[in-house]
Enquirer: 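Sharing a structure with you now.
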Amino acid sequence: MNITFTFKNFEPSDHLKKYARRRMEKLGRFFGKSAGLEVQVVLAVDKFRHTCEVAVAGEGLHLAASESSQEMYASIDLVTDKLEAQIKKHVSRSKEQRRTARDVDVDVFRAAVGGEEEDELPVIGTDRFAQKPLLLDEAIMQLDASSNDFLVFVNADSSRVNVVYRRRNGKYGLIDPVI
């Protein structure tokens with residue numbers, strides 16, 4: 001997380017800068033180990049009004065907040081509270097989109113192997129699930145989170161249905177049909 005400061009109409013103090021940096025870095029806990037975030041902090045003083053403006057950008061995310069009060073430390077606290085609420089809303093919205101994306105119809109067939117009568121069909125069940133387009137690394141993370149040995153997903157790069165599976169040696173395999 002890169003944090004840059006701009007001071008307007010007053011001399012910057014190291015203590016104020018350190019305080020603002022600590023408060024902004026606490027917002028980083030919502031993003032995990034994402035180092036691609038750019039945070040621009042503008043601290044300004046106009047007579048008795050102390051204003052703090054913050055813009056956060058990176059990885060498909062753009063958030064901005066501004067607060068004014070009679071003390072700069074209070075303005076920084078108010079802005080971080082506002083940004084925290086925006087981040088929580090963004091995270092819950094993305095989780096909800098993932099949940100609702102599960103309703104798209106994609107058929108997955110499970111085949112029974114061995115021990116079946118020849119007159120019966122080998123398909124023992126059908127699962128339907130909705131899947132938003134995923135990148136390969138996202139699909140591998142989702143496979144790790146589940147107890148399944150494979151995951152059928154729509155590849156965001158190629159817009160084709162792919163299958164990623166766990167191999168016996170602990171590595172992953174990818175089935176990418178070319179039609």
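If you read the sequence from its start, that first residue is 1, and numbering goes on from there.
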Enquirer: How about R160: does its CZ atom have over 12 heavy atoms from other parts shown lying under 6.0 Å from it?
Expert: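 Yes - once you tally the heavy atoms of other residues, nucleotides and ligands closer than 6.0 Å, there are more than 12.
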Enquirer: Not counting sequence neighbours, which residues clear side-chain hydrogen bond (donor to acceptor under 3.5 Å, both in side chains) with T6? List them please.
Expert: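 Partners of T6 under the side-chain hydrogen bond (donor to acceptor under 3.5 Å, both in side chains) test: Q40.
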Enquirer: For D46 and N9, run side-chain hydrogen bond (donor to acceptor under 3.5 Å, both in side chains): C-alpha distance rounded to whole Å, both residues' side-chain angles, the deciding distance at 0.1 Å, then the answer.
Expert: CA-CA 7 Å; D46 294 324; N9 300 331; 3.2 Å; yes
Enquirer: Would you give the length of the straight line joining atom CG of D149 to atom OH of Y165, rounded to the nearest 0.5 angstrom?
Expert: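 Result: 12.0 Å between the selected atoms.
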Enquirer: Sequence neighbours excluded, which residues qualify as ring-ring contact (aromatic ring centres under 6.0 Å, His included) partners of F7?
Expert: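 For F7, the residues satisfying ring-ring contact (aromatic ring centres under 6.0 Å, His included) (neighbours in sequence not counted) are F10.
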Enquirer: Check side-chain hydrogen bond (donor to acceptor under 3.5 Å, both in side chains) between E67 and all other residues, then give those that pass, not counting sequence neighbours.
Expert: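 Residues passing side-chain hydrogen bond (donor to acceptor under 3.5 Å, both in side chains) with E67: K82.
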Enquirer: If we only count heavy atoms from C-beta on, is the V163 to L151 side-chain gap below 4.5 Å?
Expert: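 No, every pair of side-chain atoms sits at 4.5 Å or beyond.
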Enquirer: Backbone N or O of N148 within a donor-acceptor pair of the R166 side chain at under 3.5 Å?
Expert: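 It does hold such a pair.
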Enquirer: Going by the rule side-chain hydrogen bond (donor to acceptor under 3.5 Å, both in side chains), which residues pair with S13 if we only count those two or more places apart in sequence or in a different chain?
Expert: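 Not a single residue meets the side-chain hydrogen bond (donor to acceptor under 3.5 Å, both in side chains) criterion with S13.
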Enquirer: For the side chain of T80 and the backbone of R23, is there at least one donor-acceptor N/O pair under 3.5 Å apart?
Expert: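 Answer holds: no.
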Enquirer: Can you list everything that forms a side-chain hydrogen bond (donor to acceptor under 3.5 Å, both in side chains) with R22? Sequence neighbours excluded, please.
Expert: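 Counting only residues at least two positions away or on another chain, R22 forms no side-chain hydrogen bond (donor to acceptor under 3.5 Å, both in side chains).
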Enquirer: For E71, what residues pass the side chain to side chain contact (heavy atoms under 4.5 Å, CB included) criterion, not counting sequence neighbours?
Expert: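 Y73, A74.
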